[in-house]
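This report refers to the structure that appears directly beneath it.
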2 protein chains.
Amino acid sequence: MVSLNRISEICGVSLGTVSKALSGKPGVGDATRERILSVAREHNYRPNRLVHAIQRGRSMMVGVTCSQFDDEFAGNIVAGMFEALYQDHYDAMVIQWERSVQDGVRALSNLAGRRVDGILMFPPAAYPEGAYLDELRSFPNPIVVVDQTWPGCGYDLVGSQDVEGAFAATEHLIELGHRRIAHLGFLHGSTGRDRLKGFQDAMIRHGVAIHEKWLRDLQSYPSEEPYALTRELLSGPDRPTAIMAFNDEVALQALAAAADLGLSVPGDLSITGFGDLSVVRHVRPQITTVTQDPREIGRRAAKLLIKRIEEKHENQAAPAAMQDRLPARLLVRQSTGPCPTAT
Amino acid sequence: MVSLNRISEICGVSLGTVSKALSGKPGVGDATRERILSVAREHNYRPNRLVHAIQRGRSMMVGVTCSQFDDEFAGNIVAGMFEALYQDHYDAMVIQWERSVQDGVRALSNLAGRRVDGILMFPPAAYPEGAYLDELRSFPNPIVVVDQTWPGCGYDLVGSQDVEGAFAATEHLIELGHRRIAHLGFLHGSTGRDRLKGFQDAMIRHGVAIHEKWLRDLQSYPSEEPYALTRELLSGPDRPTAIMAFNDEVALQALAAAADLGLSVPGDLSITGFGDLSVVRHVRPQITTVTQDPREIGRRAAKLLIKRIEEKHENQAAPAAMQDRLPARLLVRQSTGPCPTAT
DNA sequence: CTGAAAGCGCTTACAG
DNA sequence: CTGAAAGCGCTTACAG
């Protein structure tokens, strides 16, 4: 790539003149400007944005850490982030979280070394600890956490109303007459714990007994574990009539397990998911679920981060961390139905 | 973030000495080095990698353009890329392709402005044209295209053996006795055209007639169109006994359409997918499909790009563009079975 | 209108 | 062992 210097040589003018001409600043003769512009075009000159970043002390680059892209939810969050970042002329440097946790210090210090103006963090269930967390805390610019948080996190969060969504799903099952409701949860993460809380709240509110034996906690996820746990749950003599699953993918596996056991859904068993992935519409029965708006979560997180960056640049005092949780609404489809009459 | 300059002030030594001390170069007294290191640590100093990039003429950053992250296939490709990039100490700047095509010149010129050392391109079906393609051609560094290509592309490609995979799937249906085989294709993209070719090759090889009326071309994808097209295909008096779908998501919708029409799969209808997404294992019947290895595709693409970058840096002549296509194997599951006896 | 100089944050020969 | 200077690719006051 040609440099300004090279162009100034070619045109026989000084560096400063070329700079002014190319950035459209006044104070350059028309003929000179024309000549410079045409030479620049001919050589395909692009101003080096790394230099801008150094000079201004702002890279206009944001770090995005994400544990996995391979599902629709994460993908849409990231897509929403990109949308908002692009609008405000920020670029995104992406690092994969698993890696960054494993080899955390290097990945994070990379981000600091590149002088990113902030970090959008989509954390995995295994939240950061130890040296990694120290490195994170030493990062000098704003951080916004997305979807999931952890004890003592202290950063801004944009996520979903997990408690409320789970409450609505549970209430729906109760209103259908179900009393024997299992919960297939994922308690390693804050969203899973929130959803369990929504479940418990609804059960208590409606005076329905919670049976420990029907409460499960996924240990490794994603995996085939939800399928196995569901089979186990449904194989005993004393089985639940409804299962509230941590999310759509878990619900999908629960559905498969029910099918393999010859149980009809929703005839024998009702199942709810969480997230409204497109796949739950393409499956029969279509799964009753709770909507989330990952795209909007991503957008809002990026906008909030940009706001924090601006605030910091104007030397405003850092405001207290906030939580922005988007509504999660119940979407009734085909996988839930009236409780089968007890035998 | 403190600068070297600031640290040299604090320590009362020159810039050069600080630089040498922090980068572990010889020629600094032990006491001085200790003092500098401790001050740097205390102030959380991170060398500014943007400066390195300018000085070396290498940013150690690669641009990744991707149309969508919201599916497992794309997500794993990107994950594979990150894995290989990280190993060789490259970072990734990611831009979303839809955006970059729409507003193409800005996004690409961004990449050039950031001086990325190369581009990993995961193109959408709507391949680049016009001003965008011009901008792409003017990009001075290596480019590797992934999964899908376009007429006159001219860049290295890492993808799958789409023709062979589709051939195997079709042959499988033929061997099950099917003769009335529909193809739900997506001919806007090269992968779709390749899969159609594999289909045609197998049909011709086995002397099975291809019926135009059972050949469909999805216009908008992703969408609900596959569902609608399948219903149409299956509703006439003269319906196929097997459908070969462009990919797993299309197959999933075909399965839903069949279920809604009361057709049993594979009793009345056989369906094949392509891609081996995890969801096709969690659905009943599990879908017969063709495996792809997106993670390895991503890894290889990144490695190839890095190789090209090194070659270029050693002033080697640019080698001819190559295609690296990974095996796509047939995976028989539950959605394909013997052709029902004609009535 | 044009140029020379300082500076952003570094590294790397080269003096002392 | 330590420092001063040049240079990477720019921008921005400030002279002329």
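Just so it is clear: chains get the letters A, B, ... in the order the sequence lines come, proteins before strands, and each one is counted from 1. Any value given below was found using the heavy atoms of this structure, including those in side chains, with hydrogens, waters and symmetry copies removed. All of these numbers come straight from a predicted model, not from anything done at the bench.
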Side-chain (B:Ser23) to main-chain (B:Ser19) donor-acceptor, under 3.5 angstrom: yes

Partners meeting side chain to side chain contact (heavy atoms under 4.5 Å, CB included) with A:Asp156 (sequence neighbours left out): A:Val144, A:Leu304, A:Arg308, A:Ala321, A:Met322

Integer angstrom distance from the P of C:dC1 to that of D:dC10: 24 Å

Residues which pass salt bridge (Lys or Arg N to Asp or Glu O under 4.0 Å) with B:Asp134, listed by chain and number, not counting sequence neighbours: none

Separation of the P atoms in D:dT2 and C:dG9, to the nearest angstrom: 24 Å

Listed partners of A:Arg33 passing salt bridge (Lys or Arg N to Asp or Glu O under 4.0 Å), at least two apart: none

salt_bridge(B:Glu83, B:Lys303) N-O dist < 4.0 Å: no

B:Gln316: partners by side chain to side chain contact (heavy atoms under 4.5 Å, CB included), with sequence neighbours left out: B:Glu311, B:Glu314

A:Arg137: salt bridge (Lys or Arg N to Asp or Glu O under 4.0 Å) partners, not counting sequence neighbours: none

Of residues 14-32 of chain B, the positions that come close to DNA chain C - non-hydrogen atoms, cut-off under 4.0 Å: B:Leu15, B:Gly16, B:Ser19, B:Lys25

B:Arg299/B:Glu296 salt bridge by N-O under 4.0 Å criterion: yes

A:Asp147 to A:Thr191 - nearest heavy-atom pair and separation: O-CG2, 3.3 Å

Stem regions touching DNA chain C, defined by at least 3 consecutive Watson-Crick or wobble G-U pairs below 3.5 angstrom: C:1-3 with D:14-16, C:5-12 with D:5-12, C:14-16 with D:1-3

Nearest non-hydrogen partners of A:Cys153 and A:Val145, listed with the distance: SG-CG2, 4.0 Å

Interface with DNA chain D, restricted to residues 38-62 of chain B and to heavy atoms under 4.0 Å: B:Ile54, B:Gln55

For B:Arg46, all residues meeting side chain to side chain contact (heavy atoms under 4.5 Å, CB included), sequence neighbours excluded: A:Ser109, A:Ala112, A:Arg115, A:Glu135, A:Ser138, B:Met1, B:Asn44

Pairs meeting criterion side-chain hydrogen bond (donor to acceptor under 3.5 Å, both in side chains) with involvement of residues 2-17 of chain A, two or more places apart: A:Arg6-A:Glu9, A:Ser14-A:Thr17

With sequence neighbours excluded, residues passing side chain to side chain contact (heavy atoms under 4.5 Å, CB included) with B:Ser160: B:Asp162, B:Gln292, B:Ile297

Span of DNA chain C in contact with chain B (heavy atoms, under 4.0 Å): C:dG9 to C:dT12

